[in-house]
Chemist: 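Handing you this structure, nothing more for now.
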Amino acid sequence: MRFEILSFLFFFLLKNHVASKRYTNYTLFRSVPLNSIQLDFLRTMGKAYRVNYWREPGVINKTVEFTVAPEDKEVLLKAAEQNNVDVTTIMEDVQQAFDKQTVATYIRRRLSTFDWQNYYRLRDIYVWLKDLAAAHPEEVVIQSIGKTFEGRHILACKVNLKGTRKRSTVIVEGGIHAREWVGAAFVTFFIHQIVNSPSSKNLALKMIGSTYEFVFIPVTNPDGYEYTHTTDRLWRKNRVNRHGVDINRNFGIAFGTVGVSFDKDDEIYCGHSAFSEKESQAMAKIINSYSSTLEYYLAFHSYGQYMILPYAHSQKHQENFDEVARICQTANNKIKHRYGTIYTVGTAYDTVGYSTSGVSGCWTKASFRTPYVITFELRDSGRHGFALPPSQIMPTCLETMDGVVSILNPKGKKLSKIQSSYGESVVTGTASAFIVNNTSIRMFNGIVIITLLKMHF
Ligand SMILES: [Zn+2]
């Protein structure tokens, strides 16, 4: 009997060991392409040397970061040298850095054991959310907005504090990319801050808590998030049919046109069609259900310290870009004030240096004329990347919250000009079903706005 238990345990450990991919002696490299030949090399090396991009090649002068397996290292460095590409080592052994990313266990019904000093597994995040709702039954509601390929719930946490004027809605998305752990961690912190805002000494936070209704989706990609904990720390996509789809390339905006791959094995595989994925469908449905009051759509990713504004598929500054960029620059100053962390504000092209399509926030803005759509790439600027140490979770949360409070602060904000036409809209897929009789009715700064939409498909 004892032998059976031991052999079972051994098998279990062995199985876990075999299943879990190790990145021992994988090196994190950085390179900055200075001309188109170097950029071409950095682009094409991906397949040739089994490179995992942490920051994809964009344009000339934009940083590229990637990991390489120990067996491919020498040959890649040689090829880089032959192409005059300078490569700097950032981290000798990525696995060592991952091993420092401690994952704690949340103790049921003890809210204080969820602490932002560690990362957490999905079940702990979900139990914490449910405990939070149980502690604030009239203000916090947990709702499953859909189920994933592997049958996990995608949970939304709705916060509507007592006495809220219900002026408009803020939707907050986290964890759409599995390996960007600090993004999901920040969204749980954001929830905690709003729920506890009535007793906060921060008057701006207090006012924000009682001004909006909030819908948080801390882990938009539960299957992928779990997979990064159990099997492959660098997994990005969901887990559909094992190859997965990049959910943030799967929304119905300029779908499949730029910054995507149609190769299922690629990190940025966008799926066979817009909204093919359960996660993007679930998000579209919940966003649509709040479209008449939706004022802010905030998405949290890592890393790079950017605030990225729509549209990711275009190099142009469109609609109210200047106004949102100004708000983000003010937030940037607030963030900097705490620890000196500096963000860059702009479109995807302006910031990361490449365009992408099928992005959640862009689809939201194009479909519902949501005034304030911002995608955050949180810490850091490349020292640790996805291996951000747990000691940086709380500082990241505190400074980001400073920025978010500044962005949501309704004082002195000008009414955004809402255009009456969708013009050259590139919205595709299920968007048409969401807007009844070509009319969008939404609240904005306490004013009801009825917008006639001219959709082009
Ligand atoms: Zn991301």
Side-chain angles (χ1 to χ4, degrees), residues 28 52-58 62-67 101 119 122 154 171-188 190 216-229 232-239 244-251 253 258-261 266-271 277 279-280 283 297-313 343-364 373-382 384-388 392-393 396 400:
L28 176 63
N52 185 317
Y53 291 110
W54 286 27
R55 274 207 267 198
E56 298 231 0
K62 288 280 179 187
T63 304
V64 181
E65 276 148 5
F66 53 94
T67 50
Q101 292 189 299
Y119 295 100
L122 182 78
I154 306 162
I171 295 184
V172 183
E173 169 209 296
I176 201 168
H177 288 142
R179 62 192 180 182
E180 300 166 8
W181 285 4
V182 76
F186 171 71
V187 176
T188 59
F190 194 167
F216 297 95
I217 303 92
V219 188
T220 308
N221 176 10
D223 290 352
Y225 186 74
E226 268 306 274
Y227 196 71
T228 60
H229 283 269
D232 184 350
R233 179 64 189 84
L234 283 177
W235 192 258
R236 167 183 166 98
K237 300 181 277 186
N238 70 7
R239 289 291 302 155
V245 167
D246 185 341
I247 306 163
N248 208 36
R249 300 288 180 276
N250 189 247
F251 285 72
I253 171 101
V258 63
V260 297
S261 166
D266 280 348
E267 296 278 17
I268 48 171
Y269 173 53
C270 60
E277 301 312 297
E279 295 87 352
S280 50
M283 288 302 286
Y297 189 89
L298 307 176
F300 292 90
H301 292 243
S302 74
Y303 61 98
Q305 294 167 201
Y306 301 116
M307 287 178 223
I308 306 177
L309 314 188
Y311 288 96
H313 63 270
Y343 272 73
T344 308
V345 178
T347 61
Y349 184 79
D350 299 336
T351 55
V352 291
Y354 52 82
S355 301
T356 57
S357 53
V359 172
S360 60
C362 296
W363 174 81
T364 303
V373 174
I374 306 161
T375 296
F376 280 76
E377 295 284 352
L378 301 178
R379 285 197 193 184
D380 57 10
S381 56
H384 303 279
F386 302 124
L388 192 74
Q392 289 203 34
I393 302 171
T396 304
T400 309

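Count residues from 1 along the sequence. We count ligands from 1, going down the list as the structure has it; atoms in each ligand are counted the same way.
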Chemist: Do Ile393 and Thr396 pass the side-chain contact (heavy atoms from CB on, under 4.5 Å) test, and can you show the C-alpha distance, the side-chain angles, and the key distance before you say yes or no?
Modeler: CA-CA 5 Å; Ile393 302 171; Thr396 304; 5.8 Å; no

Chemist: Go through the structure and list residues passing side-chain contact (heavy atoms from CB on, under 4.5 Å) with Thr344, not counting sequence neighbours.
Modeler: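 Thr344 satisfies side-chain contact (heavy atoms from CB on, under 4.5 Å) with Tyr306, Thr351 once adjacent residues are dropped.
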
Chemist: If the condition is side-chain contact (heavy atoms from CB on, under 4.5 Å), which residues does Thr188 pass it with, not counting sequence neighbours?
Modeler: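 For Thr188, the residues satisfying side-chain contact (heavy atoms from CB on, under 4.5 Å) (neighbours in sequence not counted) are Phe114, Trp116, Ile125, Trp128, Pro218.
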
Chemist: Could you enumerate the protein N, O or S atoms under 2.8 Å from the Zn ion (ligand 1), written like residue then atom name?
Modeler: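 Metal shell, protein only: His177 ND1, Glu180 OE1, Glu180 OE2, His301 ND1.
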
Chemist: Can you sort out the partners of Glu56 under side-chain contact (heavy atoms from CB on, under 4.5 Å), two or more places apart, ordered by chain and number?
Modeler: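 Expected list: Tyr53, Ile268, Tyr354.
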
Chemist: Give a yes or no on whether a salt bridge exists between Glu267 and Arg179, defined as a side-chain N under 4.0 angstrom from a carboxylate O.
Modeler: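 Counted as a salt bridge, because a side-chain N and a carboxylate O are separated by less than 4.0 Å.
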
Chemist: Quick one: does His301's side chain get under 4.5 Å of Asn248's, heavy atoms only?
Modeler: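 Yes. Closest side-chain heavy atoms under 4.5 Å.
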
